[in-house]
Structures are given as C-alpha cells and as structure tokens.
Student: 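Before I ask anything, here is the structure I am working with.
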Protein chains: 2
Amino acid sequence: MTPRTDPLTLEVVELIGTVVARYHEEYEHAAAEHALTGAQARVLGLLAREPLPMRRIAQRLKCEPSNVTGIVDRLESRGLVERRPDPADRRVKLAAPTEAGRSTAEELRAALGFAREPLGGLTFAERTVLKELLRRMLGMDAEDDTEDTAGAAGTDPGEGSAPLR
Amino acid sequence: MTPRTDPLTLEVVELIGTVVARYHEEYEHAAAEHALTGAQARVLGLLAREPLPMRRIAQRLKCEPSNVTGIVDRLESRGLVERRPDPADRRVKLAAPTEAGRSTAEELRAALGFAREPLGGLTFAERTVLKELLRRMLGMDAEDDTEDTAGAAGTDPGEGSAPLR
DNA sequence: TATTGTTATACTCTATAACTATA
DNA sequence: TATAGTTATAGAGTATAACAATA
C-alpha cells in the first residue's frame, strides 16, 4: 500500500519500462521480418504450442472474440493457419498452424533473441537471482516451483537461490 | 552469439515476457480510466516532461510523423494539449500540455503502480541487486552511474553492488 | 533544395451489437 | 435459453505518398 517513491525504486521502475520498450521493439521487428503484425505473430505463437478454439485465443489476447476472426482470417489466407472442426462440439472451430505456420513460428521464436542474448552477459548465479527476484515481483513466490526448474537444479543452486537476507 | 537455450535462461525469458504483459495490462488500464488510449497516454506523459515538436514525438514513439497529427488532434480536442508556434522556426509546432493535461498526466503516473507496489516485497538490498542485473541486461553496465543513484548510496551499497560471481 | 507538419489513403486492431448454427 | 463464431460498423493506430509553408 505504501507508495514507494524512493530513488532506488524509481530507478528500477524506469529500468523495467526500458525492458518493456525493448522487448516490444524486438518483437514487432521479428514479426515484421515475416510480414506479420504483432497480433498475428502472437496468435501464431500460441497456436504453435497447441490448436485452440477461437474463443480461447480471444481470452489469451485479452480482446473480444470478434477480433480473432479477422486475425485468423489473415493468417489463414497466407496459409499459415487452418480452421478445423471440433468433433466434440460442432459450434467450435479449432485454429491450428499448418506446416508452413509451424516453421514460421519456430523462426519467429528463434529470432526473439531478447533476454536470451543479453542474458548471456550474466553468470548462472546471477540469472538464478534474477529469476527469483522477478518471480517474487510477480507474486509467484514459492508456489508451484516443481516444473522445468528441476532441470537446472543439479548444477549449483547454492546461495543463488537464497532469499538474500 | 551463443543461442542459450538452457532451462534457467528460458525461464527468465518467460518471466520477462510475463513482466512485459503485466506492465502493458496496467498501462492500458490506467489510460482507459481516463478515457485515453495507450498512445495518447504515452504522448501526454512525454509532453508533461517537456513540450516537444511533432517530429520529436514521432521519434519517441518510433512511428511516422503523420500519425502524431491525429493523436495530438484528439488530445487537443479534449483540452489536454495545445499546439504552440516555435519562435525560432516557424515551421515547427510545439505540443505542450494544458493545465488539465498536466494534472491528468500526474494522475496517470501515480496510477501506474506496477513495479512500485510489487517492488515493495523486496528488501533494499534485493532492489539494488535487481537494478544492477537489469542494467547489465540492458547493456548499461557501469556507464554514467553518477546521477540519481548517488542519493541512495549512503545506506548500504556493500555487497549489493558486487558482481555476485 | 531540404525540412516540418499536414492531408489523403489504405490496412490492421479494437469494441459493440446483431446475426447463425449449434447446444 | 445459452454458447461459439461470424458479420457489420465505427474509432484509433499505423505506413506511404503527396502537399503547403518555411528554411
């Protein structure tokens, strides 16, 4: 509830704003390289993970379902996505990437170098600390910490994971 | 140049994506509270710091100058911004916030609680570490570290500023 | 001749409301 | 009746190209 307007906090806020700006810059640029808009790239990325009903796409994008129609229309007209019927419910249409769509999505993901390239300048311990701080900042404290994190646990969790006092 | 696809790095990338998403969510929400679009809020925020020629606004927004005309038009029609002539060059028009615009910009800034509220859960030392890591990530290493940081230096820079190895 | 801001045009994203076909 | 997807419509952001005023 406390406002928190000390210089250090304000500087961190400023830095986060810069991170956000650069992230978007790189994202839009990567999408444009494939002649896609940001929204189209986002939907293609979602579908590359798993086919989704139109309704679900709208929920992920936090927009009205009517907008998804046009976005998928454009992706479909370019042969990157196709609409398939849902056997379980004839009202829903599942949007799924074509083969071309899958490879485009993969290239897009690979081009999104942000935070992967710059992260290279950080040591393993530093990346671990950064992960912890971001998680706490996002209110993900110690909840469900038992997924892909396990894979990296065997190397050197040591004081990197400590609360830092 | 190394791709960096280890689980830890990927998790940090994922977290940064989440931070970006939440930042935008809060930004758009704060803007909507004042019946402003994201672009309008961004321009108003820029002008609250200092009046700018149309051309400069476009550069800050990384968009074409022709787009700024419409955005400023809408802000002007709502009495939040006004266009003033530049005495030095009669071609340029300086966009400046009105009194109402300034107060709206201030309310907007205050409402942008993200990273200020959640940052409250971090200790001073943790915020210092986060600041350092973000700066390194953004390639701002030790360059010009002699500004507002000085104000907070008297408390406990200690190992918080250390490279952490 | 170059630059600043604008207009005109076209496309995409967005929300709202009404429609259809299913359920 | 309720839900999934679509269509229609209108407003806003975006890029491109052409233009007037000024430098």
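Per chain, numbering begins at 1; letters A, B, ... match sequence-line order.
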Student: Both A:Ala39 and B:Leu94 contact DNA chain C. Taking the nearest nucleotide for each, which residue is further toward the 5' end?
Tutor: B:Leu94
Student: Would you mind reading off the distance between A:Leu52 atom CG and D:dA4 atom P, rounded to a whole angstrom?
Tutor: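 Distance check: A:Leu52 CG to D:dA4 P gives 14 Å.
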Student: Between B:Lys62 and A:Glu28, is there a salt bridge with N-O shorter than 4.0 Å?
Tutor: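 Salt bridge between A:Glu28 and B:Lys62, a charged N being under 4.0 Å from a carboxylate O: no.
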Student: Classify every nucleotide of nucleotides 15-23 of chain C by which part a protein heavy atom approaches to under 4.0 Å, writing B for the base, S for the sugar-phosphate alone and - for neither, in 5'-to-3' order.
Tutor: BBB----BS
Student: Which atom names give the shortest non-hydrogen contact between B:Val12 and A:Arg127, and what distance separates them?
Tutor: CG2-O, 3.7 Å
Student: Is A:Arg102 salt-bridged to A:Glu99, going by a charged N under 4.0 Å from an acidic O?
Tutor: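 Result for this pair is yes, salt bridge flagged.
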Student: Atom CG of B:Leu36 to atom C1' of D:dG11: distance rounded to whole Å?
Tutor: 15 Å
Student: Taking all non-hydrogen atoms of both residues, which atom of B:Val81 and which atom of B:Ala95 are closest, and how far apart?
Tutor: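 Taking every non-hydrogen atom into account, CG1-CB, 4.3 Å.
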Student: What integer distance in Å separates A:Arg42:CZ from C:dC13:C1'?
Tutor: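 The distance from CZ of A:Arg42 to C1' of C:dC13 comes to 10 Å, rounded to the nearest Å.
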Student: When you check the phosphate oxygens OP1 and OP2 of D:dT6, does a side-chain N or O of A:Lys93 lie under 4.0 Å from one of them?
Tutor: yes
Student: Remember a base hit wins even if backbone is also touched, and classify A:Arg83 as base, sugar-phosphate or nothing at under 4.0 Å, heavy atoms.
Tutor: sugar-phosphate
Student: Around atom CD of A:Glu14, are there more than 12 heavy atoms of other residues, nucleotides or ligands at under 6.0 Å?
Tutor: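 Incorrect, the count does not exceed 12.
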Student: Name the closest nucleotide to the B:Asp73 side chain, picking from D:dA12, D:dA4, C:dT7.
Tutor: C:dT7
Student: For B:Lys93, is there an ion pair with B:Glu76 - N to carboxylate O distance below 4.0 angstrom?
Tutor: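 Result for this pair is no, no salt bridge flagged.
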Student: Nearest-Å distance, CD (B:Glu76) to C1' (C:dT6)?
Tutor: 13 Å
Student: Does B:Arg109 pair with B:Glu106 as a salt bridge, N-O distance under 4.0 Å?
Tutor: yes
Student: Without decimals, in angstroms, what is the distance between A:Gln59 CD and D:dA4 C1'?
Tutor: 11 Å
Student: Atom CG of A:Leu44 to atom P of C:dC13: distance rounded to whole Å?
Tutor: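 Taking CG of A:Leu44 and P of C:dC13, I get 13 Å after rounding.
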Student: What's the closest nucleotide to the side chain of A:Thr37 if the choices are C:dT12, D:dA4, D:dT6?
Tutor: C:dT12
Student: Considering only D:dT7, D:dA12, C:dC13, which nucleotide approaches the side chain of B:Gln40 most closely?
Tutor: D:dA12
Student: Expressed as a whole number of angstroms, how long is the span from A:Met54:CE to D:dT7:C1'?
Tutor: 13 Å
Student: Could you give the CZ-to-C1' distance, from B:Arg55 to C:dA2, as a whole number of Å?
Tutor: 11 Å
